[in-house]
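As the structure is a computational prediction, the values presented were derived from the model and not from experiment.
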Amino acid sequence: MSGCPADVAAGAAAAGACATADAGLLYPPSERTQIRNSWNSLMRWARYFRSREESDALLVEKVVVFGGGSFGTAMGVALARQRKNIQVTLLLRDPYLCRDINELHCNTRYLKDFVLPANVNATTSAAEAIAGAQFAIHAVPVQHTRAFLQGIKDLLPPTLPIISVSKGIEVGSGQLMSEVIPSVLSKKHPTVYLSGPSFAKEVMMGRPTGIVAASKDKALARTIQRLFASPSMRVNTTTDVIGVEICGSLKNVLAIAAGIVEGLELGPNAMAALVAQGCSEIRWLATKMGAKTATISGLSGLGDIMLTCYGSLSRNRTVGVRLGQGEKLADILASSSQVAEGVPTAAVVVNLARKYRVQLPVLTAVAQVLDGHITAKQAVFEIMNLPQIEER
Ligand SMILES: NC(=O)c1ccc[n+]([C@@H]2O[C@H](COP(=O)([O-])OP(=O)(O)OC[C@H]3O[C@@H](n4cnc5c(N)ncnc54)[C@H](O)[C@@H]3O)[C@@H](O)[C@H]2O)c1
Ligand SMILES: O=P(O)(O)OC[C@H](O)CO
């Protein structure tokens with residue numbers, strides 16, 4: 001511990017005083033009354049709101065999960081823990097992983113430190129997985145979604161709601177999941193897009209998590225809110241599908257930039273400046289695409305930007321850290337078994353920026369680095385030497 005003995009002693013005395021004294025005495029009585037009144041009125045509002053909530057239980061017997069990777073498993077487990085009477089079935093490609101899930105109750109490939117609830121099982125048969133399901137969670141990476149859905153679409157009842165948790169933009173078409181899914185299935189297929197700051201591992205640990213359910217169909221978004229809401233999961237609803245989807249996709253690209261800053265050891269000033277600039281770039285493009293500002297500053301926007309840029313569990317950020325430390329992208333991708341959606345999405349963001357006539361220096365620099373045109377260090381140098389501008 002640093003500091004002179006007098007400082008240390010004073011600090012210890014202050015800490016002791018705080019621990020024993022009534023902390024409320026720090027505030028004058030009038031402020032304390034105000035604080036208590038505001039809190040009590042918040043609690044009254046919550047009780048009133050709860051008393052008006054739909055009392056009919058959501059009767060769900062089976063949920064199918066497409067993709068038994070980290071997040072598909074985590075969201076399936078979140079439901080299975082909350083609702084002991086439902087069956088959650090993961091649809092996988094790997095028969096060995098299926099066996100481990102069914103016999104060892106463990107996703108030995110993606111989440112080996114956790115025991116899965118007994119009401120989670122797995123199969124490689126799409127027909128078996130989909131039969132009798134009332135909801136489908138789609139957790140297949142964006143770039144494989146089209147082919148995956150083409151393969152199972154004849155088995156999908158047209159009324160089975162698809163809850164997409166995948167975040168990214170399809171290379172080639174430039175489409176978000178909210179465009180890819182209806183283009184493979186039908187425009188009328190019920191769909192919801194779930195996004196927000198939610199690392200799979202933390203969901204598995206039952207840590208408090210907040211997400212957004214976005215759908216043009218308000219009633220469906222509300223149903224998905226009720227399906228996932230639990231003491232450890234809050235679910236907001238919105239009709240701003242584009243906003244939720246574009247923020248969820250772009251934050252992955254920004255997280256790669258944040259990782260680069262970390263890998264280059266540029267320090268907290270640089271990191272804060274980068275993340276703030278990235279937030280502006282996301283806002284510039286997202287608003288041109290029709291996103292609402294409330295979405296950009298909400299869970300799926302700012303919330304997920306903060307988590308992914310600062311959270312060490314992020315795969316996208318990890319790609320950036322390793323690039324900043326001088327590794328080659330090909331080696332990084334070859335050594336990782338999990339998806340980093342920001343890598344393919346970065347290329348598409350540049351096209352979107354041109355289409356919507358916005359300049360996105362940081363997000364474009366990420367694409368340049370990933371494409372091997374410039375090094376991470378050169379990108380930082382060029383960004384720092386861009387013309388000084390007025391804040392907007
Ligand atoms: N992991 C997280 O914390 C997290 C959180 C929120 C959202 N997401 C998003 O969820 C999506 C899935 O991420 P993840 O973390 O589960 O990825 P992952 O890499 O852990 O697992 C991907 C899963 O998709 C399957 N898959 C890959 N290619 C496939 C194909 N061609 N056909 C069928 N299945 C295929 C894999 O076998 C695996 O089961 C991504 O879009 C990601 O951005 C992840
Ligand atoms: O690990 P990442 O970078 O794919 O991020 C996971 C989630 O999107 C965080 O909300």
Is it true that atom [atom1] of [X] has more than 12 heavy atoms of other residues, nucleotides or ligands lying nearer than 6.0 Å?
X      : atom1 : value
Lys62  : NZ    : yes
Asn85  : CG    : no
Gln338 : CD    : yes
Phe381 : CZ    : no

Between [X] and [Y], is any pair of side-chain heavy atoms under 4.5 Å apart?
X      : Y      : result
Pro28  : Glu31  : yes
Tyr310 : Val275 : yes
Phe71  : Ser198 : yes

Taking side chain to side chain contact (heavy atoms under 4.5 Å, CB included) as the test, write out the residues that go with [X], two or more places apart.
X      : answer
Ser280 : Arg283, Trp284
Leu302 : Cys279, Met306
Lys153 : Gln150, Val184, Leu185
Met384 : Val380

Qualifying salt bridge (charged side-chain N to carboxylate O under 4.0 Å, His left out) pairs with a residue from residues 328-346, counting only residues at least two apart or across chains: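 Of all non-adjacent pairs touching residues 328-346, none passes salt bridge (charged side-chain N to carboxylate O under 4.0 Å, His left out).
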Salt bridge (charged side-chain N to carboxylate O under 4.0 Å, His left out) partners of residues 255-275, not counting sequence neighbours, each pair once: Glu262-Arg317
List the atom pairs, donor and acceptor, that lie under 3.5 Å between side-chain atoms in residues 114-131 and the rest of the protein, sequence neighbours left out.
residue : atom : partner : partner atom : Å
Asn119  : ND2  : Ala80   : O            : 3.1
Asn119  : ND2  : Arg83   : O            : 3.3
Asn119  : ND2  : Lys84   : O            : 3.4
Asn119  : ND2  : Ile86   : O            : 3.0
Asn121  : OD1  : Gln87   : NE2          : 3.1
Asn121  : OD1  : Thr89   : OG1          : 2.8
Thr123  : OG1  : Ser125  : N            : 2.9
Thr123  : OG1  : Glu128  : OE1          : 3.3
Ser125  : OG   : Glu128  : N            : 3.0

Derivation and outcome, side-chain contact (heavy atoms from CB on, under 4.5 Å), residues His138 and Met177: CA-CA 10 Å; His138 179 92; Met177 290 294 285; 3.5 Å; yes
Exercise: do [X] and [Y] side chains pair donor with acceptor under 3.5 Å:
X      : Y      : value
Lys167 : Ser249 : no
Ser300 : Asp304 : no
Glu281 : Gln277 : yes
Thr191 : Tyr193 : yes
Ser183 : Arg146 : yes
Gln225 : Arg222 : yes
Thr295 : Asp240 : yes

side-chain contact (heavy atoms from CB on, under 4.5 Å) between Leu250 and Leu254, intermediate numbers included: CA-CA 6 Å; Leu250 299 186; Leu254 181 56; over 6 Å; no
Contacts of type ring pair (Phe, Tyr, Trp, His ring centres under 6.0 Å), residue Phe66, not counting sequence neighbours: Phe148
Ring pair (Phe, Tyr, Trp, His ring centres under 6.0 Å) involving Trp45 - partner list, sequence neighbours excluded: Phe49
Distance in Å, Thr318 OG1 paired with Arg315 CZ, rounded so as to fall on 0.5 Å steps: 9.0 Å
Straight-line distance of Leu227 CG to Ile137 CD1, nearest 0.5 Å: 7.0 Å
Other cluster members, Leu313 - Ile/Leu/Val/Met/Phe/Trp/Tyr, side-chain contacts below 4.5 Å: Phe199, Leu307
Sequence neighbours excluded - ring pair (Phe, Tyr, Trp, His ring centres under 6.0 Å) pairs with any residue from residues 84-112: none
Contacts of Arg234 that satisfy salt bridge (charged side-chain N to carboxylate O under 4.0 Å, His left out) - sequence neighbours left out: none
Derivation of the side-chain contact (heavy atoms from CB on, under 4.5 Å) call for Leu194 and Met75: CA-CA 10 Å; Leu194 264 193; Met75 293 305 275; 3.8 Å; yes
